[in-house]
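Input: a single structure, listed below in structure tokens.
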Amino acid sequence: MCTLSTEADRHQAQLLDGARIAADIRNEVRADVASLHETAGVVPCLVVVRVGDDPASLVYVRNKVRTSEELGLRSEHRALPTETTTDDLLSLLATLNARDDVDGILVQLPLPAHVDEARVLESVGLLKDVDGFHPLNVGRLHQDRPALVPCTPAGIVELLLREGVAISGARACVVGRSRIVGRPLAELLLQHDATVTICHSRTRDLTFVTSQADILIAAIGRAGFIRGEHVKPGATVIDVGMNKITDETAARQLFGDDADRRIETIRQRGYTLVGDVHPAEVKAVAGRLTPVPGGVGPLTVAMLMRNTVTAAMRRRGFV
Ligand code: GUN
């Protein structure tokens, strides 16, 4: 009895290595880019549009552009001032839509509050919409005839499949109903025959719902929100969150055995990253868990690269 409880206390979830899977996907994309060049003389081109000076967006966009170049794609980074209007953006998009050498267009979100985001997203050419945010691409996804699927949800499903996590018949619970992650992910999991529940800020008795899930996805944007009590023992937990914390006491409370290393990071860089999952508590209950950093983040960029190559091939009628 005593031995059993000690072993349970020592249980640690297997960490799912999103960074390694993302590297595999990037290698596959690199090979596809090389063969597209050899066979058709085509080098796909991604244009990333960023408005304003949000520091997190700048880091994400630089990462997208750098990764494109590493894989042999061409890329352009259009950095526009905060005062850019909806009309300015629509006219830039019209130019990019008309350019035959541009295969993928991504408008980094969030946009400044004065910009009409919905109008901007529906003005990205359907065949170049590598984010999958155009209403027609969203509609196609929900009719199970997708063309370009949003990158973070697509990356999460790829991770589950490559790690051999059984989706068919599983109870999957997505916490967070955003249009970028929660909703499209729920749809993809449904297409893989999971029984899907979406939870959000008004969900009653959240713990009761989440603790039924074989696959639990946290995409809320609140540091350490999902605690041990939310998790079914042995469940697969996917942490989509990316939150900065600067407080050493909070780091000690969240990271358990790993706290010293995280506190060192705070002292060196001024912050450390934590997801929407409380890592120390959830590691002790879950069967598998994606780490932050190194879990879902790298997959998003890898899937964007794949979408850009898919867009280039589709537009030319190769697939
Ligand atoms: N901001 C946060 N995530 C995303 C994403 O997947 N695409 C775009 N365009 N902006 C984002």
Side-chain angles (χ1 to χ4, degrees), residues 18 22 25 46-68 75-80 82 84 86 89-90 92-93 96-97 102-113 115-126 128-135 137-138 141 146-159 174 176-188 217-223 238-244 273 275-276 290 292-293 295-308 310-311:
I25 296 169
L46 171 68
V47 180
V48 182
V49 179
R50 181 174 61 85
V51 184
D53 46 17
D54 175 48
S57 289
L58 178 61
V59 172
Y60 295 144
V61 166
R62 281 192 179 146
N63 192 8
K64 290 168 185 176
V65 169
R66 195 188 57 233
T67 308
S68 314
S75 64
E76 284 178 27
H77 176 183
R78 296 295 188 99
L80 306 175
T82 309
T84 304
T86 302
L89 273 170
L90 297 187
L92 172 62
L93 289 172
L96 297 174
N97 288 337
V102 172
D103 295 290
I105 303 169
L106 178 148
V107 181
Q108 186 66 27
L109 302 179
L111 289 167
V115 174
D116 184 341
E117 181 180 297
R119 274 190 77 199
V120 169
L121 295 182
E122 72 183 2
S123 303
V124 173
L126 204 53
K128 301 187 179 187
D129 175 33
V130 285
D131 253 334
F133 293 165
H134 189 290
N137 275 327
V138 174
L141 174 67
L148 293 162
V149 176
C151 304
T152 302
I156 292 169
V157 171
E158 198 71 36
L159 172 88
V174 181
R177 55 179 157 180
S178 74
R179 294 180 197 285
I180 296 182
V181 182
R183 290 176 199 218
L185 177 58
E187 179 60 33
L188 289 176
I217 294 109
I220 319 135
R222 288 174 63 179
I238 306 294
D239 190 353
V240 186
M242 191 87 93
N243 311 287
K244 282 186 179 179
L273 288 176
D276 293 348
T290 58
V292 175
V296 171
L299 286 162
T300 298
V301 182
M303 296 311 283
L304 172 65
M305 301 299 117
R306 179 187 271 182
N307 273 356
T308 305
T310 302

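Just follow the structure's listing: the first ligand is 1, and inside any ligand the first atom is 1. Only this structure's heavy atoms are used, side chains among them; waters, hydrogens and symmetry mates stay out.
- Separating the CG atom in L106 from the CG atom in L121 is a distance of 9.5 Å, to the nearest 0.5 Å.
- Of the possible polar contacts, none joining the T300 side chain to the C151 backbone as a donor-acceptor pair under 3.5 Å is found.
- Of all the heavy atoms in S123 and L90, the pair that sits closest is OG-CD2, 3.2 Å.
- The closest protein non-hydrogen atom to atom 11 (C) of ligand 1 is Q108 NE2, 3.5 Å.
- Among protein heavy atoms, the minimum distance from atom 7 (N) of ligand 1 is reached at D131 OD1, 3.1 Å.
- Looking at every heavy atom in both residues, A302 comes nearest to A22 through CB-O, 3.8 Å.
- Taking atom 10 (N) of ligand 1 as the reference point, the nearest protein heavy-atom neighbour is L109 N, 3.0 Å.
- Using 4.0 Å as the threshold, Y60 has no heavy atom nearer than that to any atom of ligand 1.
- Between L106 and ligand 1, no N or O atom pair is found at a separation short of 3.5 Å.
- Atoms CD1 and CG, on I25 and L304 in that order, are 12.0 Å from each other to the nearest 0.5 Å.
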